[in-house]
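What you see below is based on every heavy atom in this structure, not just the backbone, and it leaves out hydrogens, waters and symmetry mates.
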Amino acid sequence: MKENAIKFGWGDLALFACPCHIVLILPLLAGTTLGAYFAAHQTTVCLILGIIFVISILMIFKKANKQGKNDAAHDCCSVPGRKRGE
């Protein structure tokens, strides 16, 4: 349960940090100090958000790969392998 919550947390961070969503975020932050900073320094903000986006996507894949390995070994539906001659 905790692993899924962490994975969804990284997914939410990736969603909000995606540089292509800056167009949607700016109107929501209009009139705030953060919105003024974003508007004044769009290149820097896009670069920082891009780095955060890439890191969060990598963490999602890392968590999914780790969970996939655990599920494959302990799958309730998997049939144990048989040795030859049995």
Chemist: Tell me the closest heavy-atom pair linking P27 and L24, and the distance in Å.
Modeler: CD-O, 3.5 Å
Chemist: Starting at CG of L13, measure out to CD1 of I60 and round the result to the nearest 0.5 Å.
Modeler: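 These two atoms lie 8.5 Å from each other.
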Chemist: Decide yes or no on side chain to side chain contact (heavy atoms under 4.5 Å, CB included) for L26 and Q42, but give the supporting numbers first.
Modeler: CA-CA 10 Å; L26 277 177; Q42 285 183 359; 3.6 Å; yes
Chemist: Can you name the nearest heavy-atom pair linking T32 to L29, along with the distance?
Modeler: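 Looking at all heavy atoms of both residues, the closest pair is OG1-O, 2.5 Å.
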Chemist: Using residues 44-56 as the side-chain source, report each donor-acceptor pair under 3.5 Å to any protein atom, sequence neighbours left out, with the distance given to one decimal.
Modeler:
residue, atom, partner, partner atom, Å
S56, OG, I52, O, 3.1
S56, OG, F53, O, 2.8

Chemist: Does L34 share a hydrophobic cluster with L28, counting links as ILVMFWY side-chain heavy atoms below 4.5 Å and allowing steps through other members?
Modeler: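 Not linked; separate clusters.
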